[in-house]
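Just so it is clear: chains get the letters A, B, ... in the order the sequence lines come, proteins before strands, and each one is counted from 1. None of these values were measured; they are calculated from a predicted model.
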Amino acid sequence: MRVHVTLALCAVVAATVWSGASLARPTGPRDLCESNDADDVRACQGTLPSCATCHQGPPDLNAFGAAVYEALLADAAYTTDAFESSVAAAVFSTAVAAADSDGDGVTNLEELALGTLPGDPTSVFVAPAAPVGDANAFYAVGTRDLRFAFRRVQTTFCGEPPDFDAVTAFAALDAATQQTALHDALTTCLQTAYWKDEALHRLADARIRPLESIGFDGLIPLADYHWDYRLFSYIFSDDHDLRDLLLADYHVLEDGSVVEGIVPIPPAAPLETGGQPLPPERRAGMVTTQWFLMAHTMFSALPRTTAAQAYRAYLGMDIAKGEGIHPQDGEPTDIDNKGVDSPDCVVCHSTLDPLSYAFSPYNGIGRLRSGGVSRLDLTGAFDANRVPWSSQSRILGQDVSDLRGWAEAAVQTDAFKKNLGDMLWLLALQRRPLPSEAAEFDALWRGLDDDGFSANRALHRLIDTASFTTP
Amino acid sequence: MRLAALCLVTLLTALAACPSPSPAPPPPPPAPPPVVDDGLATMAPSTKNALVWQRGTVLKRGLAKALFVPEEDLCKELDRFDCADTAHQVPLGGNDAFVKGQYEPLKAPGATTAIAFDRLALSACATAVSLESGRPAPFLFRGHALTDDRLDPSSTEAIEGARFLAVELYKRLHARAPRDAEVNELLTLLTDDEGQGISGRDYAVLSCFAVAATTETLFF
């Protein structure tokens, strides 16, 4: 599977290089965002623009990418070596910024500020008009409606719409008391089994990526993902610290209590696997559970898929989709001789490989050095001598010496916080924020520090937003 | 979806008529006047276009609670596969990460969502009425005797019973009182396409379905 991932990444970028190196520049997103003119570029706020900003699918440029390319070439002195220092000026040149390359009615500069794609006519946002007509008998459309918000809170967080008596009682309250009642309802809902065991578990699915057949409910139980679900729900509940998604050095038992130290293989385990084999000092929350390492590292010497999933799930950037490309100088070194230093592969692997080194001392299935499935009891265990190279990593330009350092650096990034905001927004509204909701969304994730990284406190702020309360 | 309910009335009526053909069919009754809620036409609509989808698990819980039906008694295909949790899980907005490896649900309703939703709602209503029939005193369907073979659509008793049930259904399913136009629309279900009254049980099921299977249930 690792080979397939590598080949897929290579395939994505191969034609880019063959069709002309001048058209595919992985440093482009970073170079753009480092410009002083990029403060209002939505995709630069906590993350990086994806390849889709300029490419309709690498290597082909979309209309916006072509406009930028033309602007670069308009300077007679331009050479490809000058790309990094020239691209931002080209993007913000009048010829590009004022144009509407994709013909969707919004200029390129406006699209960059809104967070839509200036080269894709289907990616467009037009703010909704104000409601027009007689008073709406059902909702206070276009303004805060706490009755509407009350139904949303009950349905979303308790998993059950409010009944007639509850709605009637709520409607009879004065505005200030309604506000208090709304938050009381949320507090109650966040303690329910629905919230902790259903809603949060569905949010966790794409991050844990369970598979029953090789879980502890299946025929070939290689690891138990129930530990992952319990840890995820625990961290999102009861004012616990969301940074523990990457920093937790503990696990959570079925009764909800915390357990520290190595969790031994269960006595009734059908195979020599299970429990949590890592000592606390080697743990990094959700990305060092036995399931996560087993399912993503498997038999890889360099766990690229594991790092890519950690980057996707907890920093919100999917390298396979051209997101979060942040090339590191001198990378990839092709440390495992897979050919990823060829020009075809460098675009993604210059970001991915340095992300991956820190995961390399952790076993996937069994023990790597055996050359096959053996010593299943070592699945997900730490082995400093697992591979002969250093675990020196880089994440978003920062050197880290091991996975614990990787995690500590990751939780400091805006990408991590913005991804948490995305997760909370998704829980509350089932969608990503609209461009018109950008200010409220930014306030949500930027305020996580003040919330002590408590999901509950952040959700209490979220239900007060116009995005949540306005029908 | 209300059109579907009316079609079902027609179908049931037609099927009921098959075994006993009458020598001379009565002339068709005049079409009822269209039910128009004038207030809706001029009411300011929301322009946000950003509603939240009430997905399978929550939908199921809501219907069960509103109709006094245990969740485990709701729709099961082949009497085995729970409609919301298994058989129609994906179109109803759920996802099965563990077996199917579907880690994220649909972002928006799909082409078959309405069909699956109708299936769940109709089953819930039919089950609710059946359960009510076995109770010494019904909880919800109290407008008419469920054992009445043929309601008289012109009788004050039938009309008042239908009004009573409309209010109860809207309160239970939408946590609000119905508008006059909504009540009047439900009253049209008292009469089949031949101008005859339908049974108390059929009216209970169909009026329940007409109120439950609306976009108001599906989005919030």
(message) Please classify the contact of B:Arg55 with chain A as side chain, backbone, both or neither, using a heavy-atom distance under 4.5 Å.
(response) side chain
(message) Donor-acceptor pair, distance only, cut-off 3.5 Å: does the side chain of B:Thr42 make one with the backbone of A:Asp134?
(response) no
(request) For atom CD of B:Glu77, decide whether the heavy atoms of other residues, nucleotides or ligands shown that lie under 6.0 angstrom number more than 12. (result) yes
(message) Heavy-atom cut-off 4.5 Å, strictly under: side chain, backbone, both or neither for B:Ala177 against chain A?
(response) backbone
(request) Evaluate the side-chain proximity of B:Lys65 to A:Asp163: yes if any heavy-atom separation is below 4.5 Å, no if none is. (result) yes
(request) Decide if atom NZ of B:Lys107 counts as having more than 12 heavy atoms of other residues, nucleotides or ligands within a radius under 6.0 Å. (result) no
(request) Could you tell me the separation between the CD atom of A:Glu160 and the CD atom of B:Gln54, rounded to the nearest 0.5 Å? (result) 10.0 Å
(message) For B:Lys171, which atoms come within 4.5 Å of any heavy atom of chain A: side chain, backbone, both, or neither?
(response) both
(request) List the atom of A:Glu212, the atom of B:Val99, and the distance in Å for their closest heavy-atom pair. (result) OE1-CG2, 3.6 Å
(request) Decide yes or no for A:Asp205 and B:Asn95: does some side-chain heavy atom of the first lie under 4.5 Å from some side-chain heavy atom of the second? (result) yes
(message) How about CD on B:Glu72, more than 12 heavy atoms from neighbouring residues, nucleotides or ligands closer than 6.0 Å, or not?
(response) yes
(request) Would you check if B:Phe98 and A:Tyr225 make a side-chain contact, meaning some heavy-atom pair closer than 4.5 Å? (result) yes
(request) Answer yes or no: is there a donor N or O on one side and an acceptor on the other, between the side chain of B:Tyr103 and the main chain of A:Pro210, under 3.5 Å? (result) yes
(message) For a quick test of reading the model, state the closest non-hydrogen atom pair linking B:Met43 to A:Asn136 and the distance between them.
(response) CG-CA, 3.3 Å
(request) Of all the heavy-atom pairs spanning B:Thr217 and A:Arg151, show the shortest one and how long it is. (result) O-NH2, 4.3 Å
(request) Provide the closest heavy-atom pair for A:Pro161 versus B:Gly62 in the form atom of the first, atom of the second, distance. (result) CD-CA, 3.9 Å
(request) Please state whether the side chain, the backbone, both or neither of A:Ala166 comes within less than 4.5 Å of a heavy atom of chain B. (result) neither
(request) Measure the spacing between OG of B:Ser46 and CZ of A:Phe138 and express it to the nearest 0.5 Å. (result) 13.5 Å
(request) Go through the atoms of A:Val132 and report whether side chain, backbone, both or neither lie under 4.5 Å from a heavy atom of chain B. (result) backbone
(request) Grab the two heavy atoms, one from B:Glu104 and one from A:Ala206, that are nearest each other, plus how far apart they are. (result) OE2-CB, 3.7 Å
(message) Counting only heavy atoms from other residues, nucleotides and ligands, does the tally under 6.0 Å from CZ of B:Arg201 exceed 12?
(response) yes
(message) Keeping B:Lys48 on the side-chain end and A:Thr470 on the backbone end, is there a donor-acceptor pair under 3.5 Å?
(response) yes
(request) Quick one: pull up CZ in A:Phe164 and OH in B:Tyr170 and give me the separation to the nearest 0.5 Å. (result) 14.0 Å
(request) Heavy-atom pairs under 4.5 Å with chain B are the metric here; pick the option from A:Gln430, A:Arg431, A:Glu198 that has the most. (result) A:Gln430
(message) Looking at chain B, which one of A:Pro128, A:Gly215, A:Ala127 has the largest number of heavy-atom pairs inside 4.5 Å, strictly under?
(response) A:Pro128
(request) Return the minimal non-hydrogen interatomic distance between B:Ala175 and A:Pro162, and the atom names on each side. (result) CB-O, 3.6 Å
(message) Between A:Ile208, A:Thr155, A:Leu434, who has the most heavy-atom pairs with chain B when the cutoff is under 4.5 Å?
(response) A:Thr155
(request) Under 4.5 Å heavy-atom distance to chain B, tell me which part of A:Gln154 shows up: side chain, backbone, both or neither. (result) neither
(message) Taking atom CZ as the centre, does B:Arg135 end up with more than 12 heavy-atom neighbours from other residues, nucleotides or ligands that are less than 6.0 angstrom away?
(response) yes
